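Contents: one structure, followed by commentary.
As the structure is a prediction and not an experimental result, all values here were calculated from the model. Counting convention: from 1, in listed order, for ligands and their atoms alike.
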Amino acid sequence: MTISVHGLAVSRGIAIGRAVIVASSRVDVAHYFVQAEQVEREIERLRQARNAVAEEIVKVQQSLHELGPNDAHPELTALLDVHLMLLQDEQLTSGVKHWIVERHYNAEWALTTQLEVIARQFDEMEDPYLRERKADLEQVVERMLRFMRGVASPVAGGGSRPAHDSAAEVPLVLIAHDLSPADMLQFKQSVFAGFVTDVGGKTSHTAIVARSMDIPAVVGARSASHLIKQDDWVIIDGDAGVVLVDPSPILLAEYGFKQRQGEVERERLSRLKNTPAVTLDGQKIELLANIEQPEDAAAALKAGAVGVGLFRSEFLFMGRSGKLPDEEEQYHAYRRAVEGMQGLPVTIRTVDVGADKPLDRGASRAGDDHLNPALGLRAIRWSLSEPSMFLAQLRAILRAAAHGPVNLLIPMLAHASEIRQTLALVNRAREQLDNASMAYGHVKLGAMIEVPAAALTIPLFLRHFDFLSIGTNDLIQYTLAIDRADEAVSHLYDPVHPAVLHLLAGTIAQCREKGKGVSVCGEMAGDVSLTRLLLGLGLRSFSMHPSQILAVKQQILRCDTTRLQTWAQSVLVAEDPAALMTD
Ligand code: PEP
Ligand code: MG
């Protein structure tokens, strides 16, 4: 019977495939397909891991035995017996083999997949003693994974489907309780055709990375990872935010049709790539790209972006077990992005970790273990608390600017003192480079307007910065006092709340009055239902994921800004602006 699970639509399109349930604690395990001729070697890796762990256990048993009878030992000996038994368990062994032989998963992926299958069976057991054996099984699997980590897979790093192998042709969709933005990034080059997570808001960073991957995704689907079983057929409707589990043939046919329609639409949009983004009344609109990695520059160019409006540099810092990138590593990464954009400007935002972007899963450095991480030591606050790290980043960005046009963007400023400290550090970074006789380039300096306090003191920002960029994701979060990553309050996340529109309109108008550049780089910029409103409010520069650029451009080509201006003013003073959005 088909069941439907409702969540939040974050990334457009339809995906149809078999579910791969990944436990949040296992997302760091490599996921890739092996070629048919490598199947035997994967099974051998697994066998080696199992034998090695069994040997370890037997050794411990022997040493206990040599110590002689002791009251503490019987329990431990019994536990080790259980571990040995689980290791040889037929369901584990044959299950793992199944995933390797039939689906061509690499050994680690096959092992964690089968662990999920058996763990669920343990969860359903009535006997508490048996239920607790799940923890033992997890320990055994963890030891095997540790062994395999030490022995490199001869085929690791594949990440693609075997070219002529029907076993692996079935699309796979990833289902997880939670994925951190760094986990999500790891899946960027992966095999999955869609994503579903139980938690997360529409503009959580996990959702943002999913959107940048341009594959259908649903977040905040609450119990999806429990309701969906390993290998179930699912349909992800990324437009409606719905996941259909075990769909009937009629539903499969209907969604298959929608999927093909989506492909036709994409094909049609791709023809707009070289069309200039100019409105009917001749206003030129700047369409920029948001990127997370230097390699994303290629997608930005492919979509016809005229520059990068937001390079979220924190993705270079995340998921590195505390070993942050040094100046050289950062310089090379920024330089790759700059050169990748072939002379078009690149706006590099200084590191914005904290809140829903922890440096590491469970890390405590960037304030993410505090009660209110979104209100804690994140973004520029963290940078100013780590001046040597911040200086290294500033030097790296300035040096990259010697290779092409670069703008330097500072996140989450709110106080004049933060502005002064930041600008002093930028000058200090320049001095350090001068003293070291190192080449660097000129950068334009920009501030993000993400906190209501900043939006209400725009003249202060305009005195010190060359341009402003409005981070609507955070501006909405902080104006409406709702955590953007919390699906429980996602219904209150309202981009057209009168307070938000008021702050947006004021910021745009003041920048234009002073002749300073202003863009929106939050998710609002890539939402086609808001393009007309933003144009009407005077916005001429939009920064969004490359995958959204052509759809927004199509909208722009149909707009007349003189007419939209009057309409936008009426939206601005309306009690219920959403009601006017379809006018
Ligand atoms: C924003 O807040 O709108 C923004 C662009 O920054 P981020 O989403 O990375 O917080
Ligand atoms: Mg932000």
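Near the Mg ion (ligand 2), less than 2.8 Å away, sit the protein N, O or S atoms Glu450 OE1, Asp474 OD2.
Residue Arg349 places a heavy atom under 4.0 Å from ligand 1. Assignment of Lys357 to the shell around ligand 1 is supported, since a heavy atom sits closer than 4.0 Å. Using a 4.0 Å heavy-atom cutoff, Met544 is absent from the residues neighbouring ligand 1.
Residue-ligand proximity, Leu310 to ligand 1, at heavy-atom distances under 4.0 Å covers atoms 5 (C). Atoms of ligand 1 lying under 4.0 Å from at least one heavy atom of Arg312, given by number and element, are 4 (C), 5 (C), 6 (O), 7 (P), 8 (O), 9 (O). Near Arg378, meaning under 4.0 Å from any of its heavy atoms, are these atoms of ligand 1: 10 (O). Taking every heavy atom of Asp352 and a limit of under 4.0 angstrom, the matching atoms of ligand 1 come to 10 (O). Each of the atoms 1 (C), 2 (O), 3 (O), 10 (O) of ligand 1 lies under 4.0 Å from some heavy atom of Asp474. Annotation for ligand 1: atoms under 4.0 Å from non-hydrogen atoms of Cys521 are 5 (C).
The distance criterion of under 3.5 Å between nitrogen or oxygen atoms is met by Glu450 with respect to ligand 1.
Contact annotation: for Thr203 versus ligand 1, there are no heavy atoms closer than 4.0 Å. Within the 4.0 Å heavy-atom criterion, neither part of Met524 lies near ligand 1. In Ile470, neither the side chain nor the backbone holds a heavy atom less than 4.0 Å from any atom of ligand 1. Residue Arg484 touches ligand 1 through its side chain alone, judged by heavy-atom distances below 4.0 Å. At a heavy-atom distance under 4.0 Å, only side-chain atoms of Ile208, from C-beta outward, approach ligand 1.
Remark: Glu327 engages Arg399 in a salt bridge, criterion side-chain N to carboxylate O under 4.0 Å. At a threshold of 4.0 Å, the pair Asp527-Lys202 does not count as salt-bridged, since none of the basic side-chain nitrogens sits closer than that to a carboxylate oxygen.
Remark: the backbone N or O of Asp352 is paired with a side-chain donor or acceptor of Lys357 at under 3.5 angstrom. Between the side chain of Ser11 and the main chain of Ile215, a donor-acceptor pair closer than 3.5 Å is present.
Few gaps surround CZ on Arg395; more than 12 heavy atoms of other groups in view lie less than 6.0 Å from it. The number of heavy-atom neighbours closer than 6.0 Å to CZ of Arg266, taken from other residues, nucleotides and ligands shown, is 12 or below. The neighbour count for Lys444 NZ, taken as heavy atoms of other residues, nucleotides or ligands under 6.0 Å away, does not exceed 12. In the displayed structure, Glu265 atom CD is contacted under 6.0 Å by more than 12 heavy atoms of other residues, nucleotides or ligands.
Of all protein heavy atoms, the one lying nearest to atom 7 (P) of ligand 1 is His205 NE2, 3.2 Å.
Residues Tyr331 and His403 place their aromatic rings such that the two centres sit under 6.0 Å apart.
Ring geometry for Tyr334 against Phe311 counts as perpendicular: the plane angle is over 60°, on a 0 to 90° scale with 30° as the lower cut.
A donor and an acceptor atom, one from each side chain of Glu286 and Ser519, are nowhere located under 3.5 Å apart.
Considering only heavy atoms from C-beta on, Ile419 stays 4.5 Å or farther from Arg463 through its side chain. The shortest side-chain heavy-atom distance between Leu480 and Tyr493 does not fall under the 4.5 Å cut-off. Between Leu409 and Phe467 the shortest side-chain heavy-atom distance falls below 4.5 Å.
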